[in-house]
Amino acid sequence: MLSDMDKILIGEEELKEIIRGLGERISNDYKGKELLLVSVLKGSVIFMADLMRAINIPCRIDFMSVSSYGAASKSSGVVRIIKDLDNVVEGKHLLIVEDILDSGKTLSYIRGILKTRNPESIRICTLLDKPERREVDINADYVGTCVPNEFVVGYGLDYNELYRNLPFVGVLKPEIYVK
Ligand code: IMP
Ligand code: MG
């Protein structure tokens with residue numbers, strides 16, 4: 001797996017530091033509020049697991065799964081719900097937890113659906129942001145860090161469902177994609 005990597009963009013220590021900072025901000029901002037963390041499967045599971053432990057106020061978690069990408073590394077633009085939330089959203093403060101904000105289509109779709117269920121508030125927390133790639137008008141309220149316009153894997157992010165278990169975020173060698 002390591003030999004497939006071209007370079008490491010964000011190492012383990014840096015990820016820890018980023019998440020510690022996000023957890024602190026979120027804990028301060030939502031003090032005394034009913035916080036529901038909504039993880040978008042599957043890419044955000046590792047981030048979610050670390051982020052929730054960096055949050056020191058009571059919170060609930062839930063999971064939602066949508067499809068937008070096939071095996072290809074480019075968006076098909078198709079988004080649909082595969083798994084919906086278990087929790088009632090009405091009156092809750094929702095924080096959508098995503099691995100990466102790319103074109104913005106996925107989050108825009110998810111936010112749109114959740115809004116219709118009358119939550120008290122909705123915000124977005126993304127580990128990674130690729131602002132250059134945005135196609136719809138959406139931004140995250142909490143951003144771990146921005147990454148250049150390159151396809152990244154690791155720490156939950158996949159290429160063809162692989163590489164999610166890498167403990168860092170990195171870029172694959174170009175020849176991996178053309179195989
Ligand atoms: P968007 O709808 O284009 O913003 O895409 C968001 C989703 O696409 C993310 O949740 C990821 O699953 C996937 N994605 C976008 N860019 C990358 C990348 O560089 N590496 C891995 N997955 C990505
Ligand atoms: Mg994803």
Side-chain angles (χ1 to χ4, degrees), residues 1-12 14-15 18-19 22 36-52 61-85 94-116 122-179:
M1 215 169 34
L2 277 178
S3 60
D4 293 349
M5 302 307 297
D6 190 19
K7 61 186 173 213
I8 294 177
L9 277 184
I10 314 163
E12 288 183 65
E14 197 182 344
L15 282 166
I18 288 170
I19 289 158
L22 288 172
L36 177 63
L37 299 173
V38 173
S39 159
V40 183
L41 294 170
K42 306 173 211 168
S44 72
V45 285
I46 297 181
F47 177 42
M48 176 76 153
D50 284 343
L51 180 69
M52 64 188 282
I61 64 167
D62 210 335
F63 297 88
M64 188 165 182
S65 180
V66 297
S67 80
S68 63
Y69 284 67
S73 59
K74 281 219 177 82
S75 172
S76 63
V78 180
V79 193
R80 64 191 173 93
I81 294 187
I82 292 175
K83 185 225 170 287
D84 206 338
L85 300 180
L94 299 192
L95 183 59
I96 303 173
V97 177
E98 249 290 38
D99 50 358
I100 189 163
L101 185 47
D102 190 45
S103 74
K105 288 180 194 166
T106 309
L107 275 179
S108 170
Y109 175 79
I110 291 174
R111 191 178 60 174
I113 287 181
L114 295 179
K115 257 190 185 161
T116 65
I122 302 189
R123 283 186 188 166
I124 293 168
C125 175
T126 187
L127 175 64
L128 307 176
D129 190 3
K130 277 190 205 167
E132 284 173 62
R133 299 250 314 161
R134 207 74 87 249
E135 288 174 40
V136 295
D137 184 23
I138 188 163
N139 282 304
D141 304 277
Y142 305 92
V143 177
T145 186
C146 288
V147 285
N149 188 3
E150 281 180 293
F151 196 79
V152 295
V153 297
Y155 199 75
L157 291 127
D158 74 303
Y159 171 64
N160 219 350
E161 294 296 327
L162 293 174
Y163 306 104
R164 295 193 196 275
N165 54 326
L166 288 170
F168 53 79
V169 174
V171 179
L172 288 172
K173 288 178 179 158
E175 60 262 33
I176 303 293
Y177 300 110
V178 294
K179 256 187 208 154

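When a ligand or atom number is given, it counts from 1 through the structure's own listing order.
- Here the side chains of D99 and V40 are not in contact, with every heavy-atom distance at 4.5 Å or above.
- For ligand 1, the atoms lying closer than 4.0 Å to a non-hydrogen atom of T106 are 1 (P), 2 (O), 5 (O), 6 (C).
- Assignment of L157 to the shell around ligand 1 is supported, since a heavy atom sits closer than 4.0 Å.
- By the neighbour-count criterion of 12 heavy atoms within 6.0 Å, atom NZ of K115 is sparsely surrounded, having that number or fewer from other residues, nucleotides or ligands.
- No heavy atom of V153 sits closer than 4.0 Å to any atom of ligand 1.
- When side chains are defined from C-beta on, S44 does not count as touching F63, because their heavy atoms never get closer than 4.5 Å.
- Counting heavy atoms from C-beta on, the side chains of I10 and F168 never come closer than 4.5 Å.
- Below 4.0 Å from some heavy atom of D158 lie the following atoms of ligand 1, by number and element: 21 (C).
- At least one heavy atom of K130 sits less than 4.0 Å from an atom of ligand 1.
- The nearest non-hydrogen atom to atom 1 (P) of ligand 1, considering only S67, S103, S44, comes from S103.
- Within the 4.0 Å heavy-atom criterion, the part of D99 lying near ligand 1 is the side chain and not the backbone.
- No heavy atom of G43 sits closer than 4.0 Å to any atom of ligand 1.
- Judged by distance alone, the side chains of Y155 and N165 never bring a donor and an acceptor atom under 3.5 Å apart.
- A 6.0 Å sphere centred on CG of D137 holds no more than 12 heavy atoms belonging to other residues, nucleotides or ligands.
- Neither the backbone nor the side chain of R133 has a heavy atom within less than 4.0 Å of ligand 1.
- The distance from ligand 1 to the heavy atoms of K105 drops below 4.0 Å at these ligand atoms: 2 (O), 4 (O).
- For D158 (side chain) and Y163 (main-chain N/O), no donor-acceptor pair under 3.5 Å exists by modelled atom type.
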